[in-house]
Colleague: 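One structure is given below, represented as structure tokens, and several questions about it will come after.
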2 protein chains.
Amino acid sequence: MHSVIEKPTGSDVARLAGVSKSAVSRAFTGGVVSEEARKRILEAARLLKYRPSNTARSLTTRQSRMIGLAVTSLDNQFYPEVVEKLSDRFARAGYRLLLFVTHGEADLDPVLNELLGYGLDGVVLASSSMASQVAAECREAGVPVVMFNNVDPDGVQAGVSSDDEAGAALVARYLLASGHERPAVITGLGQSSSSVRRLRGFQYELARAGRARARASSGDYTFSGAFEVARAWIEGPSPPDALFCVNDHMAIGALHAVHHRGLTPGRDISVIGFDNVSIAHWPLLDLTTLAQPLEGMIEATVALLLKAIASNTMPTTQEALTGKLVIRGSARRAPGITREASGEETWAD
Amino acid sequence: MHSVIEKPTGSDVARLAGVSKSAVSRAFTGGVVSEEARKRILEAARLLKYRPSNTARSLTTRQSRMIGLAVTSLDNQFYPEVVEKLSDRFARAGYRLLLFVTHGEADLDPVLNELLGYGLDGVVLASSSMASQVAAECREAGVPVVMFNNVDPDGVQAGVSSDDEAGAALVARYLLASGHERPAVITGLGQSSSSVRRLRGFQYELARAGRARARASSGDYTFSGAFEVARAWIEGPSPPDALFCVNDHMAIGALHAVHHRGLTPGRDISVIGFDNVSIAHWPLLDLTTLAQPLEGMIEATVALLLKAIASNTMPTTQEALTGKLVIRGSARRAPGITREASGEETWAD
DNA sequence: CATGGTTTTGCAACCGCTCCCAGTCGCGCT
DNA sequence: AGCGCGACTGGGAGCGGTTGCAAAACCATG
């Protein structure tokens with residue numbers, strides 16, 4: 001436990017290299033310096049183990065090279081994937097993520113103050129709770145924001161998501177095509193745009209096909225919530241013959257309820273999710289699900305944000321990428337769809 | 001897309017409130033200001049939507065209120081849990097996490113430069129690859145580091161982990177107590193301290209009981225790696241009757257291989273993991289596993305780091321907390337251990 | 001050798017905040 | 001009235017960089 005040493009500064013390097021600190025700065029920022037000087041400077045820096053302070057740099061350049069990422073919770077398997085991919089993609093562009101794991105706290109002022117205090121270059125809101133309000137505040141403070149997997153109801157904040165309604169409609173059509181009579185849907189939180197849009201797309205498609213509205217109940221975006229809803233329905237009178245869950249995390253909960261009652265998914269009752277998280281392909285789950293075009297969403301998000309940062313403007317585009325239905329074993333197959341050797345395939349009508 | 005507005009500075013607030021910028025600073029940092037002035041300042045700040053710049057503040061105080069967190073990959077379910085808990089715990093202490101998702105890149109210099117350039121107050125290395133070297137560099141640069149779930153072979157870097165050897169030994173004893181004859185172990189990467197220590201603890205215990213060394217092979221810390229190892233063993237001559245995987249992620253892969261061959265875990269062959277990730281209790285997995293004392297580990301990590309920061313010294317303590325074996329269905333039970341109503345319990349001999 | 005152009009260089013002024021220091025002010029005493 | 005004291009206050013010097021600008025150095029020319 002020895003006390004900390006003094007960090008070398010640019011002036012130290014300058015002195016050692018026999019140049020001015022401007023030269024040092026230029027050497028490190030790709031400015032114009034004679035080859036001769038640059039070499040001396042780099043050597044001096046190496047000797048001193050000097051690294052320019054990002055903090056000081058941020059102060060003058062007004063760029064922190066940090067992106068704030070807000071997520072509600074990482075136990076929905078979808079989000080770790082998002083975090084990892086965003087992190088990788090932003091890292092490639094020279095940005096790092098500052099993490100804000102929120103838990104739907106009532107008072108978002110403190111978080112907001114922090115978010116904005118850090119001088120972030122941009123913010124990605126992958127959290128569903130209160131995202132719109134936070135987005136509005138950031139935008140007002142001049143920080144570019146893009147909402148991820150969630151759309152601003154007022155249509156003003158930029159965002160990237162998949163086409164929830166179309167996706168859910170595709171699920172509905174698939175379910176109908178495979179002869180289901182009484183589909184039901186397990187929704188997420190009421191405030192969540194993706195939940196309501198997926199439900200809406202599903203119901204709309206049913207209506208279009210002349211079917212009755214599907215029963216719907218909230219699983220609160222949790223495993224156990226979905227489990228309970230599914231179980232209650234299965235045990236109740238006239239159980240549904242298909243369960244569409246607005247995300248995979250809940251679909252897995254529903255799957256468990258099905259097994260819990262000794263039924264077999266895909267035979268006795270169908271379960272379909274939304275997201276296509278990476279574990280959905282585990283044979284034990286073998287979940288048929290609407291795959292979000294994750295790569296594309298990440299790419300779009302990063303592009304949107306970087307463009308906004310570069311142009312010093314507020315992003316405003318709303319993108320909705322279309323996903324695919326990936327067919328696995330948890331839902332009865334539509335005619336013509338058989339399990340291939342590879343185990344899965346996609347479906348489009 | 002309108003251009004960004006000028007952010008208000010402390011001087012703006014000072015002017016509006018009719019005080020000096022020192023007063024504004026004091027008002028925001030809990031310094032001494034008359035009640036009267038404080039009120040005017042806060043009001044002015046509210047009007048201007050002023051938030052002190054963390055960047056500027058960091059420059060003078062030499063504290064960024066940011067902790068670097070390096071993780072190798074988030075698809076091992078254990079790590080999202082770690083990230084979330086660390087984030088929560090540090091947030092409570094007023095720190096935010098800057099995320100570094102590494103992928104075992106060969107050249108860690110760039111990452112290092114970044115890590116150290118951000119002026120982090122501390123670093124947590126939850127990544128296994130190269131952790132020791134990174135730790136050494138950080139320490140040399142005067143940044144407190146603690147290694148998480150991984151211990152420095154040279155014993156110089158501070159770290160918190162669970163007692164890997166004791167845990168693995170407990171697993172071995174349990175397997176023996178439940179009558180297994182040919183346990184085998186699926187290890188992780190060779191460089192990973194937890195992998196080698198868990199293997200060592202397991203083998204040591206076997207030896208102590210007068211048994212032959214267990215067969216061991218690497219699953220590379222991946223699902224598919226573990227799947228393949230397990231499958232090859234099961235299909236080969238004299239298959240093991242128990243599979244100890246050095247983490248749950250691989251145990252789940254092994255579990256799949258077992259099912260794949262039409263066998264039932266816990267009856268035909270036992271599978272035991274290490275970590276007790278939250279999904280391990282899913283009935284479909286029902287994984288018997290050595291639970292890492294996660295809460296305790298998080299708490300210890302945060303405490304260690306905060307203490308180091310506060311005292312401006314380098315942490316040096318190595319803590320190894322002891323975990324428990326949680327009994328579920330994936331491994332044949334030892335005599336006297338029956339499934340309770342609750343479904344799981346712990347075991348200690 | 002003076003000339004003009006092109007590099008290369010260092011000075012100094014910030015960036016927005018903290019914090020030391022030297023006041024200023026009001027107040028109760030003697 | 002003069003004094004000492006404590007509570008507040010503002011000035012200003014940094015923190016470690018970046019950057020505009022003018023001066024210096026260099027380099028061919030004519």
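Keep in mind the model is a prediction, meaning the values are calculated, not measured.
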Colleague: Identify whether the distance between the nearest side-chain nitrogen and carboxylate oxygen of B/D88 and B/K85 falls below 4.0 Å.
Modeller: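 Salt bridge between B/D88 and B/K85, a charged N being under 4.0 Å from a carboxylate O: no.
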Colleague: Looking only at side-chain N and O atoms, does A/S20 come under 4.0 Å of OP1 or OP2 in C/dG10?
Modeller: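 Answer is yes, contact under 4.0 Å.
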Colleague: Using atom CZ of B/R26 as one end and atom C1' of C/dC19 as the other, report the distance to the nearest whole Å.
Modeller: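 Atom-to-atom, B/R26 to C/dC19, this comes out as 8 Å.
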Colleague: Atom CZ of B/R65 to atom P of C/dC17: distance rounded to whole Å?
Modeller: 17 Å
Colleague: For A/S161 and A/N149, test the side chains for any donor-to-acceptor distance below 3.5 angstrom and give the result as yes or no.
Modeller: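 On atom types as modelled, these side chains do not qualify, holding no pair under 3.5 Å.
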Colleague: Map B/L59 and B/E35 onto DNA chain D by nearest heavy atom, then report which one ends up closer to the 5' terminus.
Modeller: B/E35
Colleague: Which residue lies toward the 5' end of DNA chain C, A/A23 or B/A56, if each is placed at its nearest nucleotide?
Modeller: A/A23
Colleague: What is the distance from CZ of A/R62 to P of C/dC14, rounded to the nearest Å?
Modeller: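 Between P of C/dC14 and CZ of A/R62: 13 Å.
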Colleague: Would you indicate what B/V19 reaches in the nucleic acid, counting non-hydrogen atoms under 4.0 angstrom: base, sugar-phosphate, or nothing?
Modeller: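 If one applies the 4.0 Å heavy-atom cut-off, B/V19 turns out to touch the sugar-phosphate alone, with no base involved.
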Colleague: Could you check whether A/R40 pairs with A/E36 (Lys NZ or Arg NE/NH1/NH2 to Asp/Glu carboxylate O, under 4.0 Å)?
Modeller: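 Yes, this pair counts.
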Colleague: Quick one about A/Y221 and A/S192 (side-chain donor to acceptor, distance below 3.5 Å, no hydrogens or angles considered), yes or no?
Modeller: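 Per modelled atom types, A/S192 and A/Y221 side chains form a pair under 3.5 Å.
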Colleague: Is any side-chain N of the basic residue among A/R46 and A/E43 closer than 4.0 Å to the acidic one's carboxylate O?
Modeller: yes
Colleague: Can you tell me the distance, in whole Å, between the NZ atom of B/K21 and the C1' atom of C/dG16?
Modeller: 7 Å
Colleague: Can you tell me whether the side chain of B/T29 and the base of C/dC17 have a donor-acceptor pair closer than 3.5 Å?
Modeller: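 A donor-acceptor contact between them is absent.
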Colleague: What does A/S34 touch in the nucleic acid at a heavy-atom separation under 4.0 angstrom: a base, only the sugar-phosphate, or nothing?
Modeller: sugar-phosphate
Colleague: State whether A/K7 and B/E140 are salt-bridged, where the test is any N-O pair (Lys NZ or Arg NE/NH1/NH2 against Asp/Glu carboxylate O) under 4.0 Å.
Modeller: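 No.
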Colleague: What is the distance, to the nearest angstrom, from the CG atom on A/N54 to the C1' atom on C/dC15?
Modeller: 14 Å
Colleague: Is a donor from one side chain sitting under 3.5 angstrom from an acceptor on the other, for B/S193 and B/N150?
Modeller: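 B/S193 vs B/N150: donor-acceptor pair found between side chains.
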Colleague: Could you work out which one of C/dG16, C/dG10, C/dT9 sits closest to the side chain of A/A37?
Modeller: C/dT9
Colleague: Scan B/T61 against the nucleic acid and name what it touches under 4.0 Å (heavy atoms): base, sugar-phosphate only, or nothing.
Modeller: sugar-phosphate
Colleague: Which nucleotide span of DNA chain D, 5' end to 3' end, has atoms closer than 4.0 Å to non-hydrogen atoms of chain B?
Modeller: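 Endpoints of the contacted stretch of DNA chain D: D/dC8 to D/dG16.
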Colleague: Does B/S25 have a side-chain nitrogen or oxygen under 4.0 Å from the phosphate oxygens OP1 or OP2 of C/dT18?
Modeller: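 For C/dT18, OP1/OP2 do have a side-chain N/O of B/S25 under 4.0 Å.
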